[in-house]
Amino acid sequence: MAGNRQILFVQGGGAGTYDAWDDKLVAALRRALGEGYEIRYPRMPDEDDPGPARWGPALRRELADLEDGAVVLGHSVGGTILVHTLAERPPEARLAVVVLVAAPFVGRDGWPADGFGLPDDLGARLPPGVRVHVFHGLADETAPPSHAGLYARAIPRARVHRLPGRDHQLNDDLREVAEAIRSDAPPLPGGRS
């Protein structure tokens, strides 16, 4: 959809997540953003067994198709793998915003690393000038809310949003996420409005 800002939404892991859980987040984001945005929601391979070895190549293909000014958003372990992939090798396109939603921190003081971990200098490895937002519900029983603070330590430029009463799916309400995206990556000129 020419003239629309691209958003790549990376699903979380677990059997059925794409169709039964994160599809609701994508729909909520579409409603909250309105027109002027193109949300891409690719199905990740082996969603019930996520990891950088399986998801990394799929993410790299998706990132290669983005235009300058795109937004990338990852939910749960999809956010963890997304930020790991970006830190390993940034895409050619200049990203506008990176958004992590309920992403567990894998590494020091977070979840144990199982084949990969996030480096302490994660922020320095991300593309320069990209705005980073970390959203975490304080009622999240899947990924501890304290992990938002671990991301803040690893990515000092990140803006952390701790949302009271919100669960791992942010209660399927992404209004605050949409507000951050609209603020840092408004619809492109010439897009639908």
Side-chain angles (χ1 to χ4, degrees), residues 5-13 22 25 29 44 50-53 55-56 58-60 62-64 66 68-140 142-164 166-170 174-186:
R5 185 168 307 274
Q6 295 174 319
I7 299 175
L8 173 62
F9 189 108
V10 181
Q11 71 172 87
D22 284 3
L25 292 178
L29 185 60
M44 290 292 106
W55 287 23
L59 281 176
R60 292 213 183 285
E62 294 295 332
L63 291 166
L66 296 178
D68 286 344
V71 174
V72 293
L73 183 156
H75 175 246
S76 190
V77 73
T80 308
I81 296 170
L82 171 64
V83 77
H84 177 267
T85 302
L86 293 173
E88 274 191 331
R89 188 177 67 209
E92 289 190 25
R94 269 183 304 111
L95 300 177
V97 183
V98 173
V99 179
L100 304 178
V101 176
F105 189 89
V106 176
R108 186 167 63 102
D109 298 328
W111 282 357
D114 184 22
F116 84 102
L118 298 173
D120 289 339
D121 66 341
L122 179 60
R125 295 177 185 220
L126 294 177
V130 175
R131 298 192 187 239
V132 179
H133 290 271
V134 176
F135 289 86
H136 215 108
L138 295 180
D140 189 335
T142 303
S146 62
H147 285 210
L150 299 176
Y151 277 107
R153 181 178 71 198
I155 311 171
R157 70 179 182 235
R159 180 156 179 233
V160 176
H161 309 264
R162 292 176 177 92
L163 305 176
R166 304 289 264 292
D167 62 13
H168 190 61
Q169 299 291 121
L170 297 187
L174 296 187
R175 285 176 293 167
E176 295 90 349
V177 173
E179 183 179 318
I181 291 171
R182 276 195 306 270
S183 173
D184 289 341

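In this text the structure is predicted, and so the values were computed from the model without any measurement.
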Show your working on side-chain contact (heavy atoms from CB on, under 4.5 Å) between V72 and L59 and close with a plain yes or no.
CA-CA 11 Å; V72 293; L59 281 176; over 6 Å; no
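- Nearest heavy atoms, S76 versus H168: OG-NE2, 2.8 Å.
- The closest side-chain heavy-atom distance from L25 to V177 is not below 4.5 Å.
- Here R162 pairs with nothing under the salt bridge (charged side-chain N to carboxylate O under 4.0 Å, His left out) rule; sequence neighbours left out.
- Listed by chain and residue number, nothing satisfies the salt bridge (charged side-chain N to carboxylate O under 4.0 Å, His left out) test with E179 (two or more places apart in sequence, or in another chain).
- With hydrogens and angles disregarded, a donor-acceptor distance shorter than 3.5 Å links the side chain of R5 to the backbone of P186.
- Counting heavy atoms from C-beta on, the side chains of L174 and F135 never come closer than 4.5 Å.
- More than 12 heavy atoms of other residues, nucleotides or ligands shown are found within 6.0 angstrom of CZ on R60.
- Within the 4.5 Å cutoff, side-chain heavy atoms of I81 are placed close to those of P50.
- Looking at every heavy atom in both residues, G12 comes nearest to V77 through C-CG1, 4.2 Å.
- R153 meets the side-chain hydrogen bond (donor to acceptor under 3.5 Å, both in side chains) test with D109; sequence neighbours excluded.
- Qualifying side-chain hydrogen bond (donor to acceptor under 3.5 Å, both in side chains) partners for H136, counting only residues two or more places apart in sequence or in other chains: D140.
- Each of L170, L100, V99, V101 was scored for a side-chain contact (heavy atoms from CB on, under 4.5 Å) with H75, with one residue passing: V101.
- Residues passing the salt bridge (charged side-chain N to carboxylate O under 4.0 Å, His left out) test with R182: none are found, sequence neighbours excluded.
- Within the 4.5 Å cutoff, side-chain heavy atoms of Y151 are placed close to those of V83.
- Looking at heavy atoms from C-beta onward, V106 lies out of side-chain contact with H84 at the 4.5 angstrom threshold.
- Counting heavy-atom neighbours within 6.0 Å of R159 CZ, excluding the residue itself, gives a total of 12 or less.
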Apply side-chain contact (heavy atoms from CB on, under 4.5 Å) to T85 and W55, showing your working.
CA-CA 9 Å; T85 302; W55 287 23; over 6 Å; no
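- Taking 4.5 Å as the limit, every side-chain heavy atom of L86 sits out of range of all side-chain heavy atoms of V130.
- In terms of heavy atoms, A158 sits closest to V134 at CB-CG2, 4.1 Å.
- Taking each heavy atom of A185 and V97 in turn, the nearest pair found is CB-CG2, 4.0 Å.
- Qualifying side-chain hydrogen bond (donor to acceptor under 3.5 Å, both in side chains) partners for R125, counting only residues two or more places apart in sequence or in other chains: D121.
- Between H147 and W111, the closest heavy-atom pair is CE1-CD1, 3.4 Å.
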